[in-house]
Amino acid sequence: MVQERTLPQFQAPPAQISSEEGLVLYEDMILGRFFEDKCAEMYYRGKMFGFVHLYNGQEAVSSGVIKSLRSDDYVCSTYRDHVHALSAGVPAKNVMAELFGKETGCSKGRGGSMHLFSSEHNMLGGFAFIGEGIPVALGAAFQSRYRRDALGDASADQVTACFFGDGTTNNGQFFECLNMAALWKLPILFVVENNKWAIGMAHERATSQPEIYKKAAVFGMPGIEVDGMDVMAVRAVAQEAVARARAGEGPTLIEALTYRFRGHSLADPDELRSKAEKEAWLARDPIKRFEAYLVEHNLAEEGTLKEVRDRIQTRIDDALTFAEDSPEPSPEDLYKYIFAES
Amino acid sequence: MAETLLFNALREAIDEEMGRDDTVFVLGEDVGVYGGSYKVTKDLYEKYGELRVLDTPIAENSFTGMAVGAAMTGLRPIIEGMNMGFLLLAFNQIANNAGMLRYTSGGNYKIPMVIRGPGGVGRQLGAEHSQRLEAYFQAVPGLKIVACSTPYNAKGLLKAAIRDDNPVLFFEHVLLYNLKEDLPNHEYVVPLDKAEVVRSGKDVTILTYSRMRHHVTQAVKGLEKKGIDPEVIDLISLKPLDFDTIGASIKKTHRVIIVEECMKTGGIGAEIIASINDRYFDELDAPVVRLSSQDIPTPYNGKLETLTIVQPKQIEAAVENMVALKV
Ligand SMILES: Cc1ncc(C[n+]2csc(CCOP(=O)(O)OP(=O)(O)O)c2C)c(N)n1
Ligand SMILES: [Mg+2]
């Protein structure tokens, strides 16, 4: 095993977050975790099909970034997209229904796990191919700048957050889009979730410079390394990047060091990652860590946290019932949505 | 009426649509300061500014994806492919995202964008700059594919493509930019989904598109002298095909010759033949004949290049042959 990278230290001053804000983050992380656990259960029970990529372990990244956005900002994800969609506000029942292939799914059952969309929540997707969401996110960011500077709409200050993995940073679209974002000072956050693996390809076996955040420098863009298991740290970095983007000062590359607690997808036997590595990262579980933080700083009591967990569990159970009870798309609508009717 | 070159007809279409709708913008390599490699966007940069006529880095897949994202969020991008062949590098974004995303998103997003530029076999440009990508893209669901052939239809079709709420691949031909025609002074739009009956006749239906329309027109002059009366249809829309017009013609002539510049294997003609068999087999008095480019990389040598694409004399001979076999 190669030398582990030391996680960057982040000392959050205690009064940096209110109790309400802390609970918003906590609830969002719990929602992500419980949702994914339910997916695993349903997949193994044969209720869900296809490639299903779970997000367990990485929750601090989604919650820390997306909860630093406004509701009119944009989110762009990959095939590991359930939790980004949830953080962006897509209701759990519509995400679950999508995974069940139902008409009530956020993509009307046409997309599936890797193609979650919601125009209502500015959720741009769900992209199943490596890297292909990055240009799309760039386009949304360009659109904000276009409205502001070409059309003179001063209120067009929306920011786009674009998520992708370490393996994806070896793809040309990553570099091409970093270049254009910096060139045109676009309001975008490139959020790399470096979970050390691209299926079975260890990050340092795939890249000549494993410290991804350093790749921003050649584009004249700030590149920031953050402990992706610490929601407070991610949030602090994200807030700064969002403020910069909103002020017209351009993009930021954020590299969040994180880990997935399950295999690459539910079809992956996960045999390559060592027990020692897994245990070391499990010990940094972002949810446990944030629970301790909230209690320690008197932002929440254990009883309140339990209430949150119970409430979310009920929401997940309701989502499951909703998904199971929902109708499948009608065969007559097989061709619907190929073309927009002008 | 004003005599207009085809590239200027396209330019007028873009200019008019940009004036009419400020969400319309152009992006691509050398479209701005340089005015486009075939001058289709000349002076628009000065008129509309650097964001609305955006010079991009040479990054076809990424700027195409960027246009998809802009279209999803309410803008109406027009991508200029400096040469349509370069869009091989953007195949992923065109197929997965421009083509399929509306469907996979269950109608959450629409993608009003145009991808236009020069395609086809030019004059000794070599294999890579002489490609006909329309055939490669025809299998992608969700794309509309259009080929213009005259200044009049170029202008009207491009305006319709820009107004369409779907991704439109708009093929121009590198050898047709300097065609001249008197264009109306009033505004007009040509529908994307209608084939154009170039010449009506009764003996045989010739289906063609893009530059081959002009080769067919030349062949028709010779055929007329021999007393043959062909019907010539410019397909315009390569996807979806206008089977109303095609079918009506077949019911009249009962004979079909397809003349195309794409390669034979997996070409546009191959698809048309299959569809004609599905729909009009009983109407046919003879097997459909297809004249296509040779299945080879377009050679540089001028003589070999001429042999690669269909020539008017071959068209004439094929039509004569078919009419002579009349039962
Ligand atoms: C263009 C393309 N090539 C290959 C794949 C198969 N694939 C899916 S996920 C993956 C690994 C991606 O790793 P990373 O970017 O680190 O993201 P992670 O899965 O770790 O979140 C690969 C190779 C794909 N989906 N798309
Ligand atoms: Mg990874």
Side-chain angles (χ1 to χ4, degrees), chain A residues 74 76 98 103 105-112 114-120 122-129 131-147 149-152 158 160 172-177 179-180 183-184 186 329 335-342, chain B residues 22-23 25 27 48-75 77 89-90 92-93 95-113 141-144 160 163-168 192-193 240:
Chain A
Y74 295 90
C76 189
E98 186 59 32
E103 180 69 21
C106 59
S107 307
K108 302 281 198 302
R110 270 54 162 201
M114 303 187 280
H115 300 281
L116 302 178
F117 294 90
S118 176
S119 49
E120 186 191 338
N122 284 354
M123 171 69 187
L124 299 168
F127 291 89
F129 274 25
E132 67 176 3
I134 306 176
V136 172
L138 189 83
F142 175 80
Q143 169 264 163
S144 300
R145 184 165 170 221
Y146 184 98
R147 286 190 202 279
D149 294 338
L151 307 187
Q158 292 78 9
T160 300
Q173 291 170 100
F174 169 69
F175 297 102
E176 293 177 355
C177 290
N179 178 46
M180 288 188 269
L183 186 66
W184 299 321
L186 300 185
Y335 286 88
K336 201 173 171 183
Y337 306 128
I338 292 274
F339 289 113
E341 308 298 332
S342 293
Chain B
D22 60 13
T23 64
F25 74 105
L27 74 162
Y48 293 106
E50 61 179 12
L51 283 177
R52 295 196 66 196
V53 187
L54 183 72
D55 278 319
T56 63
I58 307 155
E60 288 81 7
N61 200 33
S62 290
F63 71 63
T64 302
M66 178 175 127
V68 171
M72 286 168 71
T73 51
L75 301 185
L89 279 88
N92 181 69
Q93 288 293 344
N96 280 6
N97 291 342
M100 302 201 299
L101 190 146
R102 176 171 172 77
Y103 191 87
T104 52
S105 77
N108 263 287
Y109 291 100
K110 60 180 187 184
I111 299 154
M113 68 189 274
L143 296 178
K144 295 188 176 182
R163 293 181 194 184
D164 199 280
D165 274 342
N166 296 287
V168 180
L192 291 184
D193 54 355

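Between the B:N108 side chain and the A:C106 main chain, a donor and an acceptor come within less than 3.5 Å of each other. Checking side-chain atoms of B:Q93 against main-chain N and O of A:E132 turns up a donor-acceptor pair under 3.5 Å.
Note: B:F25 and A:Y146 have tilted aromatic rings, judged against thresholds of 30 and 60 degrees for the angle between ring planes.
B:I58 CD1: 12 or fewer foreign heavy atoms inside a 6.0 Å radius.
If you measure heavy-atom distances from B:N97 to chain A, the contacts under 4.5 Å come from the side chain alone. For A:A137, no part lies under 4.5 angstrom from a heavy atom of chain B. Heavy-atom distances place no part of B:I111 under 4.5 Å from chain A, backbone and side chain included. Of the two parts of A:R147, only the side chain, counted from C-beta on, holds a non-hydrogen atom closer than 4.5 Å to a non-hydrogen atom of chain B. Both the backbone and the side chain of A:F339 come within contact range of chain B, each with at least one heavy atom under 4.5 Å from a heavy atom of that chain. With a 4.5 angstrom heavy-atom cutoff, A:I338 touches chain B via backbone and side-chain atoms both. Contact annotation for A:F127: only side-chain heavy atoms (C-beta onward) come within less than 4.5 Å of a heavy atom of chain B. Only the side chain of A:L183 comes within less than 4.5 Å of a heavy atom in chain B; its backbone stays farther off. Heavy atoms closer than 4.5 Å to chain A are found in both the backbone and the side chain of B:T56.
Put simply, of A:C177, A:A150, A:S118, the one with the most heavy-atom pairs under 4.5 Å next to chain B is A:S118. With chain A as partner, the option from B:G107, B:A71, B:G69 having the largest number of non-hydrogen pairs under 4.5 angstrom is B:G69. Residue with the most contacts toward chain A among B:G99, B:P112, B:G142: B:G142 (heavy-atom pairs, distance under 4.5 Å). With chain B as the partner, the residue from A:R110, A:E120, A:H115 showing the most heavy-atom pairs under 4.5 Å is A:R110.
For B:E50, there are no salt bridge (charged side-chain N to carboxylate O under 4.0 Å, His left out) partners at least two apart in sequence or on another chain. With sequence neighbours excluded, no residue forms a salt bridge (charged side-chain N to carboxylate O under 4.0 Å, His left out) with B:D55.
For the atom pair OG of B:S105 and OH of A:Y337, the computed distance is 9.0 Å after rounding to the nearest 0.5 Å. We find the OG1-NZ distance between B:T104 and A:K108 to be 12.5 Å, quoted to the nearest 0.5 Å. Rounded to the nearest 0.5 angstrom, A:N122 CG and B:M72 CE are separated by 9.5 Å. Annotation: the span from B:L54 atom CG to A:W184 atom CH2 amounts to 4.0 Å, rounded to 0.5 Å. Atom CG of A:L124 and atom OH of B:Y109 lie 4.5 Å apart (nearest 0.5 Å). Separation of atoms CD (A:Q143) and OG1 (B:T73) is listed at 3.5 Å; rounding is to 0.5 Å.
Remark: the B:N61 side chain and the A:E176 side chain contain no N/O donor-acceptor pair separated by less than 3.5 Å.
Residue B:R102 comes nearest to A:A340 through the heavy atom pair NE-N, 3.3 Å, listed as atom of the first residue, atom of the second, then distance.
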### Message
Please evaluate residues B:L51 and A:F142 with respect to the criterion side chain to side chain contact (heavy atoms under 4.5 Å, CB included), reporting the C-alpha separation (whole Å), side-chain torsions for both, the decisive distance (0.1 Å), and the verdict.
### Response
CA-CA 9 Å; B:L51 283 177; A:F142 175 80; 3.8 Å; yes
